[in-house]
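Reading through the structure tokens given below for one structure.
Just so it is clear: chains get the letters A, B, ... in the order the sequence lines come, proteins before strands, and each one is counted from 1. Note that this is a predicted model, so its numbers are computed, not measured.
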Amino acid sequence: MKQKIKNLILKAALNAHEKGDLPSSEFPDVEVETPRVESHGNFSTNFAMATASTQKMQPKRVAEAIIKSIDDTEGIVTKTEIAGPGFINFFINSLAWHPVLRRIHEEDDRYGASDIGRGSKIQVEFVSSNPTGPLHVGHGRGAAFGDAVANILLFCGYDVEKEYYINDSGRQINTLGRSVFLRYRQLLGEEIEFPDECYQGNYIHDLAGRIKEDKGSIFLDQKEDEAVLYCAQFAAKNIIAGIRDDLKSFGVEFDNWFSEQSLYDSGKVDKVLNDFRSQNIIYEKDDAHWFKTTDFGDEKDRVVVRNNGQTTYFASDIAYHKDKFERGFERVIDIWGADHHGYIPRIKACLAAAGCSDEQFDVILVQLVNLLRGGEPVAMSTRAGEFVTLKDVIDEVGADAARFIFLTRHHESPLDFDLELAKKKTNENPVFYVQYVHARISSIIRKGREKGIKDIGWDEKAIAMLKEPEEINLIKSMDSYPETVRLSAEFMEPHRITFYLMNLASSFHAYYNKHRVLTDDPLLTGARLYLVVAVKKVIKNGLTLLGVSAPEKM
RNA sequence: GCGCCUGUAGCUCAGAUGGAUAGAGCAACGGACUUCUAAUCCGUAGGUCGCAGGUUCGAAUCCUGCCAGGCGUACCA
């Protein structure tokens with residue numbers, strides 16, 4: 001509808017110019033918005049004000065000229081007015097909204113989809129938690145966010161690949177192996193002090209126990225290096241499998257699991273370091289190798305090879321990001337926890353050095369999650385290995401509630417996640433509020449079938465009976481869904497869809513409480529069913545993008 | 001110290017990339033179920049958009065400075 005109004009305005013402006021009412025044919029983009037106040041009409045444009053200076057006319061005069069030239073062949077506009085400093089307000093004929101319903105029924109689960117991505121290859125990398133322990137709540141937010149972004153981009157015509165980067169190499173894996181090995185020795189009766197820098201969680205105990213069951217005490221007689229290596233590989237493999245399971249029960253599946261170690265095995269890390277050496281952007285100082293990231297906007301240079309000869313994680317990250325672009329992605333999105341933000345200039349420096357364009361790469365930071373229970377903070381300490389895992393949360397509140405709540409905030413806004421609130425089945429908890437719409441409509445449909453009411457499809461005469469303000473309101477809301485999806489994709493902000501759904505749900509509940517769908521009038525009943533089924537489709541459509549289910553019954 | 005993020009109703013947050021009189025939910029108060037699911041709805045009340053300047057027809061939104069909170073500032077990831 002907004003697009004139609006835009007077209008009307010642009011045509012009117014061109015007409016007015018031809019007639020000589022407007023001196024210039026240069027026009028800015030037409031911006032049409034939905035005013036907050038109803039008395040300002042259904043749509044409003046600042047076009048007259050925006051073009052006034054190039055026309056060298058007063059905004060109100062421009063507005064008059066445009067209104068005079070509006071050619072509304074479809075009869076969608078009932079009234080126009082000039083208001084304030086030069087706004088043009090449009091009032092829409094309520095019957096003109098009805099075709100929106102037909103479109104929703106026709107496009108069905110593709111309603112709101114678009115081709116703004118034009119099939120371009122885009123990679124979304126998220127979660128990428130180290131395989132040294134289970135996922136916690138914060139990872140859940142990243143997972144819900146990344147998955148929703150990927151869904152939305154796919155829906156908008158991008159060729160999306162979801163990737164998880166596994167840091168299965170380097171120091172922390174060695175520490176993991178040592179942690180498990182030490183617990184293993186303790187289990188076999190040795191008295192050893194367990195160092196602070198080792199991983200403390202119970203899962204380390206469990207893994208050590210499994211090794212003991214499988215292999216007995218054989219590692220006590222082997223070289224420590226080999227034993228640690230075995231423990232590390234065993235532990236990492238099992239932890240990754242656990243992460244994969246947790247994500248799956250959270251409804252998140254990746255297209256690709258990318259191993260850091262593979263970059264070493266294929267020689268890609270060495271190659272990129274050598275390339276950079278030959279470009280003289282890696283130099284030696286204090287027995288270490290430094291990448292001159294300051295040449296590319298970073299505040300200080302960064303070590304890529306330590307003085308003990310080991311590469312840093314940063315070395316493989318250079319190779320990794322270069323590899324992403326070599327795989328042909330036109331755009332690469334990294335989703336990180338906000339605590340890693342200091343790392344952005346470094347990665348941008350790599351890409352600049354490798355000749356990749358800044359515009360093709362974006363980092364989206366997701367703020368951390370404060371876990372609460374009944375308003376009180378839940379104590380968590382990663383060091384002491386005491387934390388609420390993502391699995392705990394899914395088991396307690398359910399994947400739907402968790403995912404939805406994670407998406408009720410802008411990603412850069414910190415989020416309080418209250419376990420008690422997430423379980424509440426009241427208006428305080430928006431998940432059920434939205435899902436309830438779907439269940440209610442499903443129930444109406446079932447009741448209708450019991451009564452033998454048949455679907456009418458698109459019947460102009462019947463649909464014309466939909467003229468209650470609450471009905472028009474619902475249609476207007478659904479009309480704006482495709483735009484919401486589009487903006488949500490452009491800004492990579494899934495929370496727009498969350499808020500949209502809460503808003504649509506509110507309009508529906510208001511309608512439901514005031515009017516009956518199944519009435520004595522078959523024609524009216526048919527029309528209202530047609531309306532309500534459209535609402536059901538849009539609700540399901542939006543929930544699906546967020547990765548939340550749409551239940552038939554609650 | 002420097003960098004990034006945040007600051008909007010008592011609480012939790014939106015605010016369509018500069019528009020008209022600032023928007024929800026919760027909490028508070030008052031109402032609505034013999035009905036298609038009350039996990040719902042209707043009404044009332046609630047504001048110096050952190051503070052101070054600036055840009056312009058017009059600022060919660062853009063610029064500058066300050067205040068408060070969070071995070072970061074490794075030869076850890």
Side-chain angles (χ1 to χ4, degrees), chain A residues 31 33-37 39-40 44-46 49 52-53 59 83-87 89 128-130 132 167 170-173 175 197 260 285-290 299-300 302-314 317 337-345 365 367-368 370 375 408-410 412-416 418 421 424-433 435-437 439-448 450-451 480 483-484 486-488 490-491 493 495-496 498-500 502-503 505-506 508-519 525 528-529 532 553-554:
Chain A
E31 281 180 38
E33 56 158 25
T34 320
R36 269 196 294 265
V37 196
S39 62
H40 293 155
S44 167
T45 183
N46 63 354
M49 282 136 73
S53 62
F87 291 103
N89 297 338
S128 297
S129 154
N130 284 339
T132 54
N167 290 100
R171 218 184 71 134
Q172 84 280 358
I173 286 294
T175 305
E197 70 267 20
E260 178 188 10
K285 191 183 86 181
D286 304 331
D287 296 326
H289 296 227
W290 299 72
E299 55 188 14
K300 56 180 282 194
R302 309 290 172 175
V303 169
V304 287
V305 183
R306 288 187 268 163
N307 58 12
N308 64 5
Q310 279 189 345
T311 50
T312 63
Y313 65 97
F314 182 46
D317 257 5
D339 52 337
H340 289 74
H341 68 79
Y343 194 56
I344 297 175
L365 298 174
Q367 280 288 340
L368 308 180
N370 300 311
T408 53
R409 297 278 180 283
H410 188 272
E412 277 181 0
S413 176
L415 169 73
D416 289 338
D418 195 310
L421 196 118
K424 275 196 192 169
K425 297 180 172 175
T426 66
N427 212 342
E428 285 173 80
N429 190 350
V431 199
F432 301 121
Y433 185 77
Q435 287 184 321
Y436 191 42
V437 172
R440 266 187 155 172
I441 296 173
S442 305
S443 172
I444 295 173
I445 294 169
R446 282 193 298 271
K447 271 283 182 332
E450 282 171 26
K451 290 187 175 180
S480 67
E483 188 186 17
T484 301
R486 201 198 74 228
L487 290 168
S488 174
E490 275 175 16
F491 298 118
E493 292 178 347
H495 78 281
R496 288 170 189 267
T498 317
F499 279 90
Y500 171 86
M502 293 193 276
N503 188 43
S506 168
F508 174 78
H509 287 312
Y511 175 58
Y512 180 91
N513 270 273
K514 193 158 175 190
H515 304 285
R516 290 187 60 81
V517 174
L518 306 176
T519 66
T525 301
R528 287 188 170 170
L529 268 173
V532 146
K553 272 185 195 169
M554 284 173 75

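Contact annotation: R409(A) side-chain N/O to rC13(B) OP1/OP2 distance is under 4.0 Å. Note on Y511(A): every side-chain N or O is 4.0 Å or more away from OP1 and OP2 of rC41(B). The phosphate of rC36(B) (OP1 or OP2) has no side-chain N or O of R528(A) nearer than 4.0 angstrom. Proximity of H410(A) to the phosphate of rU8(B): no side-chain N or O atom is located under 4.0 Å from OP1 or OP2.
Put simply, NE2 on H509(A) is 15 Å from C1' on rA24(B), counting in whole angstrom units. In this entry the distance linking CD of Q310(A) with C1' of rA74(B) reads 15 Å, nearest Å. Put simply, CD1 on I444(A) is 10 Å from P on rC36(B), counting in whole angstrom units. Distance K300(A) NZ to rG72(B) C1': 13 Å, rounded to the nearest Å. Atom-to-atom, CZ of R440(A) to P of rU35(B) comes out at 13 Å; the value is rounded to the nearest Å. Look at CZ on F499(A): it is 5 Å from C1' on rA14(B), rounded to the nearest Å. A straight line from CD of E299(A) to P of rC2(B) spans 12 Å, rounded to a whole angstrom. With rounding to whole Å, H40(A) atom NE2 is found 18 Å from rA16(B) atom P.
The backbone N or O of M554(A) lies less than 3.5 Å from no partner atom in the side chain of Q435(A), so there is not a single donor-acceptor pair. A donor-acceptor contact shorter than 3.5 Å is absent between the side chain of N429(A) and the backbone of K425(A). In terms of modelled atom types and a separation under 3.5 Å, the side chain of W290(A) and the main chain of V304(A) share no donor-acceptor contact.
Separating the P atom of rA52(B) from that of rG15(B) is a span of 25 Å, rounded to the nearest Å. rG3(B) and rG65(B) are spaced 9 Å apart, taking the P atom of each and rounding to whole Å. On the P atoms, rA27(B) is 25 Å away from rU35(B), given to the nearest whole Å. Spacing of C1' atoms, rU44(B) relative to rA9(B), comes out at 15 Å, to the nearest Å. Taking atom P on both nucleotides, rG53(B) is separated from rU61(B) by 14 Å, rounded to a whole Å. Rounded to a whole angstrom, the distance from the P atom of rG7(B) to that of rA39(B) is 35 Å. rG1(B) and rC13(B) have their C1' atoms separated by 33 Å, given to the nearest Å. Here the separation of rA60(B) from rU8(B), taken at their P atoms, is 15 Å to the nearest Å.
Taking every side-chain heavy atom of H495(A) into account, rG15(B) is the closest of rG15(B), rC76(B), rC13(B). Checking rA20(B), rG19(B), rC75(B) against the side-chain heavy atoms of M49(A) singles out rG19(B) as nearest.
In this structure, T175(A) reaches neither bases nor backbone, as no heavy-atom distance under 4.0 Å exists between it and the strands shown. In this structure, Q367(A) reaches the sugar-phosphate backbone alone: every heavy-atom distance under 4.0 Å involves primed, P, OP1 or OP2 atoms, never a base.
rC11(B): Watson-Crick or G-U partner is rG25(B), with both key distances under 3.5 Å. Nucleotide rA45(B): unpaired (no Watson-Crick or G-U wobble partner with both distances less than 3.5 Å). Across all strands shown, rC2(B) forms a Watson-Crick or G-U wobble pair with rG72(B), both key distances being under 3.5 Å. As the counterpart of rA60(B), no nucleotide is assigned, since no Watson-Crick or G-U wobble pattern has both distances under 3.5 Å. Across all strands shown, rA39(B) forms no Watson-Crick or G-U wobble pair with both key distances under 3.5 Å.
Each of R171(A) and N89(A) was matched to the nucleotide of RNA chain B holding its nearest heavy atom; the match closer to the 5' end belongs to N89(A). Each of E493(A) and L365(A) lies near RNA chain B, and the nucleotide nearest L365(A) is the one positioned closer to the 5' end.
Contact annotation: side chain of H341(A) to base of rG3(B), donor-acceptor pair present below 3.5 Å. Side-chain to base pairing of S44(A) with rA20(B): one donor and one acceptor N or O lie within less than 3.5 Å of each other. The base of rG72(B) has none of its N or O atoms less than 3.5 Å from a complementary donor or acceptor on the side chain of D339(A). With hydrogens and angles ignored, no donor-acceptor pair closer than 3.5 Å exists between the side chain of N46(A) and the base of rA20(B).
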Give the C-alpha distance, both sets of side-chain angles, the deciding distance and a yes or no for salt bridge (charged side-chain N to carboxylate O under 4.0 Å, His left out) between E450(A) and R446(A). CA-CA 6 Å; E450(A) 282 171 26; R446(A) 282 193 298 271; over 6 Å; no
Mind running side chain to side chain contact (heavy atoms under 4.5 Å, CB included) on F87(A) and N46(A) for me, showing each step along the way? CA-CA 5 Å; F87(A) 291 103; N46(A) 63 354; 4.3 Å; yes
message = Could you go through R440(A) and H509(A), starting from their C-alpha distance and side-chain angles, then the distance that decides it, and tell me whether this counts as side-chain hydrogen bond (donor to acceptor under 3.5 Å, both in side chains)?
response = CA-CA 9 Å; R440(A) 266 187 155 172; H509(A) 287 312; 3.0 Å; yes
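A stacking contact between Y433(A) and rA39(B) is absent: the pair does not combine a ring-centre distance of less than 5.5 Å to the base's six-membered ring with planes differing by less than 30°.
At least one side-chain heavy atom of T519(A) sits less than 4.5 Å from a side-chain heavy atom of R528(A). Residues T408(A) and H495(A) form no side-chain contact, since every pair of their non-hydrogen atoms from C-beta on lies 4.5 Å or further apart.
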